*Asks:* 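Structure provided below as structure tokens; questions to follow.
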Amino acid sequence: MLEKLIAKNNITVNGTGSKSMFLVHGYGCHQNMWRFITPQFKDDYKIVLIDLVGSGKSDENSYDYDKYSSLEGYADDIIEICDALNLMNICLVGHSVSAMICLLAALKRPALFKKLIMIGPSPRYINDTDYFGGFSQNDIDELLETLDSNYLGWSSAMAPVIMDNADRPELAAELEQSFCQNNPEIAKHFAKVTFLGDNRDDLKKLTTDTLILQSENDAIASIKVGQFVHDTIPNSKLVVLETTGHCPHLSGPEQTIHAMKQYLM
Amino acid sequence: MNYNIDYKELYNSFPSGCFCSLPNGLIIDSNIKFLELTNYTKKELIGKKRFTDFLSLGSKIYFETVYSQALILSGNLEEINFDFINKDGIKFPVLINSIVIRGKEGAHLFTQSVIFNISQRKQYERELLISKRKANDLSDELIDANEELLSNAELISKQKLQLEKFNQHLENKNRQLSSFAQIASHNLRAPVSNLIALKDFYKESMDLEDKDMIFSKVEIVIDHLSETLNELIDSVKIQENEDIRHDPIIFDSVFVKTLGVLDSQIVDSKAVVTSNFSDAPCIKYPKLYMESIMLNLLSNSIKYSSPERTAKIHFYTEIKNNTIMLVITDNGLGIDLEKHGHKLFGLNNTFHRHVDSKGVGLYMTKIQIEAVGGSITVESEVDRGTTFKIILKKNI
């Protein structure tokens with residue numbers, strides 16, 4: 001049972017701490033994106049990493065188009081994993097779309113989670129009356145076309161010779177594998193669910209202590225959106241990082257770690 | 001040979017757009033071809049623009065969620081397709097190759113990138129995509145058409161099967177009719193010619209007493225004729241009646257009823273009739289048939305009992321190989337099976353020069369048994385007796 005679950009989500013657990021930290025990657029990536037962050041927490045935390053079903057090295061055959069046609073499906077997976085691993089008082093960290101997945105998990109089982117950290121969250125990407133999400137339906141269609149045209153890119157260009165990891169060849173092999181395994185149909189389906197969703201109403205219901213990490217310059221989730229998330233979640237703190245891009249944990253890991261540590265102290 | 005290469009000149013005249021950016025994306029140098037693609041001046045671009053500033057929103061999402069992460073993790077990406085928008089708002093597709101340049105300590109210093117305008121190639125790719133989609137649609141249509149054909153074929157073969165069955169039924173009916181016509185003409189010829197002869201006698205006779213006697217004979221022939229006719233009609237009815245109702249039947253009660261019907265014949269012949277239905281006391285079977293089968297076989301046995309000895313007739317049931325059998329055995333005259341076996345159950349076949357032989361009973365019995373899916377066989381020895389074994393029903 002547990003073995004099946006581990007294979008399904010490619011669950012890895014490391015760290016020697018007594019507390020639990022559960023990190024969930026966002027759209028287009030996999031658990032390796034946390035590699036600059038986790039070393040700084042592994043002494044104090046037991047660190048749980050997963051690949052969302054359909055991403056990275058998860059079991060592609062477990063991708064149920066019905067279940068994952070809403071983010072609830074992923075939230076259920078997270079709760080199932082927490083229960084199977086007997087985790088409690090968890091610090092749950094979600095990047096991008098997974099900030100919303102973690103939000104849904106925390107709404108379903110508030111008792112499981114002590115703190116929630118959202119990195120670059122956006123409850124809705126498409127503009128609405130009185131709401132700025134940053135994108136139109138047309139932009140999302142364009143994204144899907146880009147995904148289509150870069151399908152071949154997944155296997156050739158996205159599995160390159162790893163230059164900067166000569167000292168860690170296992171990481172290179174791992175990366176190559178995970179990129180090759182990305183199924184273009186699943187990537188497209190996940191993109192639709194991610195970028196066409198709307199979780200604005202769910203933000204209000206959250207009671208868990210929440211930290212929002214917002215990149216100063218983020219084309220996907222702008223400061224305006226981060227501010228909206230902060231204003232809507234009753235019990236939240238917003239920290240704007242002096243970083244560029246949607247992935248501060250990659251482009252500015254030190255600042256990200258610092259903000260997380262400050263919050264968790 | 002020695003060439004004096006001006007690398008700066010080479011860089012600027014390079015036929016694709018080259019630029020160098022900081023880890024935060026800011027472009028810090030570019031060649032002339034890149035400036036041409038953006039339509040900005042060096043002053044407007046360098047230190048002020050990022051590559052993402054030239055991307056459509058859809059491409060921007062892809063850049064942020066996939067491209068930038070994969071580039072940092074792998075250090076090198078090739079042949080990624082983005083939609084590029086220049087200063088004048090003109091949009092065209094580009095391919096980009098990027099490589100991360102790191103310092104001695106491994107810190108990310110710059111990103112070097114090359115872009116190509118692939119408008120024409122992309123147009124061709126779009127046409128290919130459209131053709132591919134059309135081909136897919138066509139293939140779907142073909143699959144649908146094929147499925148329809150298959151289901152039609154199935155329907156046709158079903159209809160063919162029905163027709164074959166119907167044809168078989170018709171052939172059967174035809175055979176029965178022709179056999180009926182033959183039997184009818186055969187069975188009716190004798191009494192009719194008898195009647196004609198009697199009619200001639202009647203006309204020629206002058207004596208009133210003779211005329212009375214002849215007429216009484218005419219009456220007998222007419223009765224016989226009508227009885228034969230009725231039996232023929234009955235046999236046709238059985239043949240038509242395919243889906244006859246099956247009732248729960250207790251052998252003993254049908255047997256007792258049969259004894260009642262034939263009471264006077266049994267008394268007259270002093271026959272001893274016994275039964276034992278304990279092996280299979282009951283069955284689901286058409287009631288009228290069971291009554292008719294028992295009546296025919298019992299009256300048959302009484303009729304052909306030996307005048308030399310007391311007639312003993314025994315009815316019993318048994319179960320063999322999941323099959324219920326009804327057996328009637330007697331110690332009567334017996335039948336020479338070698339002589340008559342092949343036509344034993346035919347219509348109007350009588351094997352005994354016996355007063356009441358009409359030869360219809362066994363034929364009716366056989367037809368009734370077979371109509372329910374059973375069969376009848378006979379074992380006999382002349383002057384020793386006869387045993388009829390009837391397989392009533394298989395797979396009980």
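Predicted, not measured: the structure shown is a model, and the values here were computed from it. Letters go in sequence order (proteins before strands), and every chain restarts at 1.
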*Asks:* Atom CD of residue position A:Glu242 - does it have more than 12 heavy atoms of other residues, nucleotides or ligands inside 6.0 Å?
*Replies:*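 Open.
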*Asks:* Hey, could you give me each pair passing side chain to side chain donor-acceptor pair (under 3.5 Å) that has a residue in residues 6-17 of chain B? Not counting sequence neighbours.
*Replies:*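 Output for this query is empty, none listed.
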*Asks:* Is any residue of residues 42-58 of chain B within less than 4.5 Å of chain A by heavy atoms, and which ones?
*Replies:*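 Expected list: B:Arg50, B:Ser56, B:Leu57, B:Gly58.
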*Asks:* Applying salt bridge (charged side-chain N to carboxylate O under 4.0 Å, His left out), name anything that partners B:Glu164, two or more places apart in sequence or on another chain.
*Replies:*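 Partners of B:Glu164 by the salt bridge (charged side-chain N to carboxylate O under 4.0 Å, His left out) criterion, ordered by chain and then number, come out as B:Lys160.
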*Asks:* Go through the atoms of B:Asp83 and report whether side chain, backbone, both or neither lie under 4.5 Å from a heavy atom of chain A.
*Replies:*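 For B:Asp83, side-chain heavy atoms alone lie under 4.5 Å from chain A.
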*Asks:* Counting only heavy atoms not in A:Lys192 (residues, nucleotides, ligands), do more than 12 fall under 6.0 Å from its NZ?
*Replies:*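 Open: at most 12 neighbouring heavy atoms sit under 6.0 Å from NZ of A:Lys192.
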*Asks:* Measure A:Asp141 against the heavy atoms of chain B and call it side chain, backbone, both or neither at under 4.5 Å.
*Replies:*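 Interface part for A:Asp141: neither.
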*Asks:* Do you know which two heavy atoms are closest between A:Gly245 and B:Glu64, and how far apart they sit?
*Replies:*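 Where A:Gly245 meets B:Glu64 most closely, the heavy atoms are CA-OE1, 3.4 Å.
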*Asks:* How about NZ on B:Lys284, more than 12 heavy atoms from neighbouring residues, nucleotides or ligands closer than 6.0 Å, or not?
*Replies:*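 For B:Lys284, atom NZ is not crowded (no more than 12 foreign heavy atoms under 6.0 Å).
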*Asks:* In chain order, what residues pass the ring pair (Phe, Tyr, Trp, His ring centres under 6.0 Å) check against B:Phe14, with sequence neighbours excluded?
*Replies:*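 For B:Phe14, no residue satisfies ring pair (Phe, Tyr, Trp, His ring centres under 6.0 Å) once neighbours in sequence are set aside.
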*Asks:* So do the side chains of A:Thr146 and B:Tyr67 get within less than 4.5 Å of each other, counting heavy atoms only?
*Replies:*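 A side-chain contact under 4.5 Å is absent here.
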*Asks:* Do the side chains of B:Lys91 and A:Glu142 get close enough for a salt bridge, i.e. N-O under 4.0 angstrom?
*Replies:*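 Yes.
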*Asks:* Shortest non-hydrogen contact from B:Thr65 to A:Phe195?
*Replies:*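 Distance-wise, the nearest heavy atoms are CG2-CZ, 4.0 Å.
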*Asks:* So does B:Lys87 have more than 12 non-hydrogen atoms from other groups sitting under 6.0 Å from NZ?
*Replies:*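 Counting other residues, nucleotides and ligands, NZ of B:Lys87 exceeds 12 neighbours.
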*Asks:* If you count every heavy atom of other residues, nucleotides or ligands that lies below 6.0 Å from B:Gln120 atom CD, does the total exceed 12?
*Replies:*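 No - once you tally the heavy atoms of other residues, nucleotides and ligands closer than 6.0 Å, there are 12 at most.
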*Asks:* Using side-chain heavy atoms (C-beta onward) and a distance below 4.5 Å, is A:Ile140 in contact with B:Ile61?
*Replies:*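 With C-beta onward as the side chain, the pair touches.
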*Asks:* Taking atom OG of B:Ser68 and atom CG of A:Leu250, what is their separation to the nearest 0.5 Å?
*Replies:*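 One finds 7.5 Å between OG of B:Ser68 and CG of A:Leu250.
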*Asks:* To the nearest 0.5 Å, tell me how far B:Ile72 CD1 sits from A:Ser251 OG.
*Replies:*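 Result: 6.0 Å between the selected atoms.
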